[in-house]
Amino acid sequence: MPDSSPSLPPDRSETVFEDFKPAYDEKQALVEANRCLYCFDAPCQTACPTHIDIAGFIRKIATGNTRGSAKTILDSNILGMSCARVCPVEVLCVGECVHNHQDVPPIAIGKLQRYATDKALEEGWQFFEAGAPTGKRVALIGGGPASLAAAHQLRRYGHGVTIFEARERLGGLNTNGVAPYKLRADDALAEVDYVLAIGGIEVQTGVAVGGPGGSSFADLERDYDAIFLGIGLGADSVMKVPGADLAGIHGAVAFIEAFKTGTVDLEGVTHAAVIGGGNTAVDCVRELLGLGVPCVQMVYRGDEAGMSGYEHEWDEAKIEGAQAVWRAMPLAFEGAGRVAGVRCAALDDQKKPTGREFTVPAALVLLAIGQSKLGALVAGLPGIALNNGRIVVDEGGATGRSRYYAGGDCANGGKEVVNAVAEGKAAANTIHHHLTNGRE
Amino acid sequence: MADLRANTGGIRSPNPFWLASAPPTNSGDQIKRAFDAGWGGAVWKTLGSPIQNVSSRFGALNFRGTRAVGFNNIELITDRPLEVNFREIVDVKKHYPDNAVIVSLMVETEEEWRDIIKRSIDAGADGLELNFGCPHGMCERGMGSAVGQEPKINERITSWAVGYSTVPVLVKLTPNVSDILPHGRAAQRGGAHGVSLINTIKSIIGVDIDRFVLEPRVAGLSTNGGYCGAAVKPIALHMVAQLARDHEFQLPISGIGGISNWRDAVEFLLLGSSSVQVCTEVMLRGYRVVEDMIEGLNTYMDEKGIANLDGLVGKAIPSYSEWGNLDLNYDTVAKINPSSCIGCQLCMVACMDGAHQCIHPNPDGTRVPFVDESECVGCNLCQIVCPVPGCITLEEVKDRLPPASWNDHVEHGAALREKKGVH
Ligand SMILES: Cc1cc2nc3c(=O)[nH]c(=O)nc-3n(C[C@H](O)[C@H](O)[C@H](O)COP(=O)(O)OP(=O)(O)OC[C@H]3O[C@@H](n4cnc5c(N)ncnc54)[C@H](O)[C@@H]3O)c2cc1C
Ligand SMILES: Cc1cc2nc3c(=O)[nH]c(=O)nc-3n(C[C@H](O)[C@H](O)[C@H](O)COP(=O)(O)O)c2cc1C
Ligand code: SF4
């Protein structure tokens, strides 16, 4: 099996986390699978961005055909294992389960999907073969979910593919960003290996396309028939306020990457603050609590009803001990050499300062206020349009420049893993259509 | 509180719930515990010349995650010494004089019947049950269903037994016949005081698909067994009702087969049983299930204003008719209640693929399907698959032709409505 990455250190900080949704054993899976009504034209399937035949795969679990179940899932979504763990199912498939309409607990689709796909990975069941070689080659920039899904689909058609990944390891945010109580980096990499096992996916890691020492777009245009952009989002946004360069202030996603793939030292940190109110902020709060920080406060401009983080995740965070400072705008970071507090202005309903100020104590501050968009990388290429830094694509993932396609966070502005998979796969289908001149 | 006292052919019990002759009635200790739990009677595990059983003995039919909706066994009659059984019968009757102890018997020769009947009655039996039903093993030796399938032999052995007995005699019938009537009538001619049915149905419960051997497996072989449990209830109800509505057949009936709760019991009573017997549900859940059976029956009778079992027994028999008498102009159509519909669309696929293609996606774009009433034949399939109780109802179409059955049509040309769903 191709090696997707240098090995992860075994003592990573993320290893303290346990699964927040534990795996089903066989008996639990059977009980749950048998509760599924096997709806016709099932609404959960429509809600899944990759349109997995959910009723079908659940029925197969119920009949003991776990192998067929895994195949059904992976045929639609080759990253079905990570999606099963990281998808916000409450607002996707599970949210649409018809049982919700009769006040019966909805089917635990994610856990059943995990049951089947874990087994596929464990047993090494491979369902898909590379197609007969077409002689065409596709470059995929970025090695996250979007590119992995696209690469696998292109291999099924028989096209040659190369993934260019700036980091040392593949997997994108599955490896480096999603909360470890959903998916740990080692599991993300095991899935990467599973995807690569179709064979023929070349991988170049450690060099950024368009960056120093990396290929240029001119090189790629010369060597490849099509180019897929799956570069995700860029660096964490920063706050330009006094004290922003004190030690102990980090971008949220960079900090998460640090403890997922290595270790972070939180010795002596009794108070931490997370700035923001989105899902990354909520993740950070839960992660810091899990890593042993006793007091973690989320500092957000709006109120609880206005936060963009999912309600179901925030509810869990509160159970774990999260606190929040609502209607607060950071004015400055205070401290000598190292941050000690966040000076905030209180805001009113209109998010206007009330004049009152206060300090939130924090020896560690994570900034979860968004990530930059990477569209600038391709801004110079004629034909490619950007919208607020996002790469503009049509339904099939084609950009305005011939032979260029895009999908995932860099095109949708930042959604979920399952959207990246769906868009990567759709783009692969479009590429295939173009490479075969529409004959297929 | 309704009066639940039961009487089948002179065998009286405080309630109509009896344990069928089977493992739950193997021994005195068990039957005492069963009576303590509330069972009104017990038919002792069949006595005869003790046999040797195999290992294993039982198999089950599981369906969509529910275990043992059907059950089968290849065990024979009692494997305990006769003296031990009789000693225990004496003991049980001493401590439980009001509960019915019926002793099930299966032997071959007239002398053996005479002898075992005397010993049973001496031990205190309130009644006897002649096991003419076991469909495996014993029939290979000319007993059990080999007797029950031959009306002449049935009648002869019944008349021996009745002749030697001073207590009521029930004949336990086998369902492994194409028509139950000749067999019930044979028991009546033999002088029986009642019949009990059904015994188990000849079956192969399953095949071990890894070993290529039938189940339950005895080393490398198996054999056909007797099927029972919830899944057999419809077959049992039919046979009970066939006898109950027969004008020639006049004996009381003890109903058996797939009774798992008080509702099942009520159905057997409504179709003419004056007591009911339970085996599989007790094997699966224990004697304690009788508490709900008694309470449920009681509440049901109170709610219906029925004072005693006589008010219930056979009450549904007049509704059991011939197809040719059914009103062909009676017409119902399915209605889906949009406020309870959860949008699973199981009715739609069932009607599309399994019925008359008259349930369609709703043109208004919601997931509540639309019933084309002009094509709906009122078959019931949608209501059967709907997971929400009461969501789909079948409503009678008003303004139709006067009632007319096939017989009316053939005999005096009664007008029939236009057919639906034949597009
Ligand atoms: C903190 C956090 C938590 C999240 N939690 C969840 C969750 O629980 N559930 C969920 O479904 N989604 C979650 N998401 C969102 C999800 O991770 C993304 O939507 C998904 O990973 C997008 O996939 P992608 O392939 O488009 O981009 P990415 O996963 O970001 O992958 C892009 C890859 O491209 C590489 N790259 C960038 N530029 C270049 C270049 N010039 N040359 C070569 N390589 C380059 C990057 O190094 C990266 O590996 C989370 C996101 C974050 C930030
Ligand atoms: C394991 C087993 C053993 C049985 N043994 C006897 C028996 O010895 N004599 C008898 O008359 N019926 C026997 N039966 C049949 C039951 O008494 C009963 O007629 C049949 O199981 C149907 O009832 P049920 O559906 O409630 O189980 C046996 C059934 C089972 C499952
Ligand atoms: S991929 Fe995600 S949304 Fe789709 S079915 Fe699986 S768990 Fe649900």
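Chain letters run A, B, ... following the sequence lines, proteins first, then strands; residues in each count from 1.
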Heavy-atom neighbours of [X] [atom1] exceed 12 at 6.0 Å:
X	atom1	value
E311(A)	CD	no
E26(A)	CD	no
E123(A)	CD	yes
K318(A)	NZ	yes
R288(B)	CZ	no
Q102(A)	CD	yes

If we check side chain to side chain contact (heavy atoms under 4.5 Å, CB included) with C344(B), which of these qualifies: C39(A), C97(A), P43(A)? C39(A)

Measure the CD-CG distance between Q345(B) and L37(A) for me, rounded to the nearest 0.5 Å.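 Answer for the CD-CG pair, Q345(B) versus L37(A), is 12.5 Å.
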
Among the listed options V385(B), V349(B), T66(B), the residue most often paired with chain A at heavy-atom distances under 4.5 Å: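 Among V385(B), V349(B), T66(B), the one with the most close pairs to chain A is V349(B).
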
Determine the minimum heavy-atom distance between F40(A) and L346(B), stating which atoms define it.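 Where F40(A) meets L346(B) most closely, the heavy atoms are N-CD2, 4.4 Å.
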
Please name the pair of heavy atoms, one in N34(A) and one in R64(B), separated by the smallest distance, quoted to 0.1 Å.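 Result for this residue pair: OD1-C, 3.1 Å.
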
Heavy-atom distances under 4.5 Å only: say whether R59(A) touches chain B with side chain, backbone, both or neither. side chain

Which answer fits A42(A), side chain, backbone, both or neither, if we ask what part of it has an atom under 4.5 Å from a heavy atom of chain B?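 Answer is backbone: N, CA, C or O of A42(A) sit under 4.5 Å from chain B.
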
Contact winner vs chain B - D41(A), N100(A), L30(A), V31(A), heavy-atom pairs under 4.5 Å: D41(A)

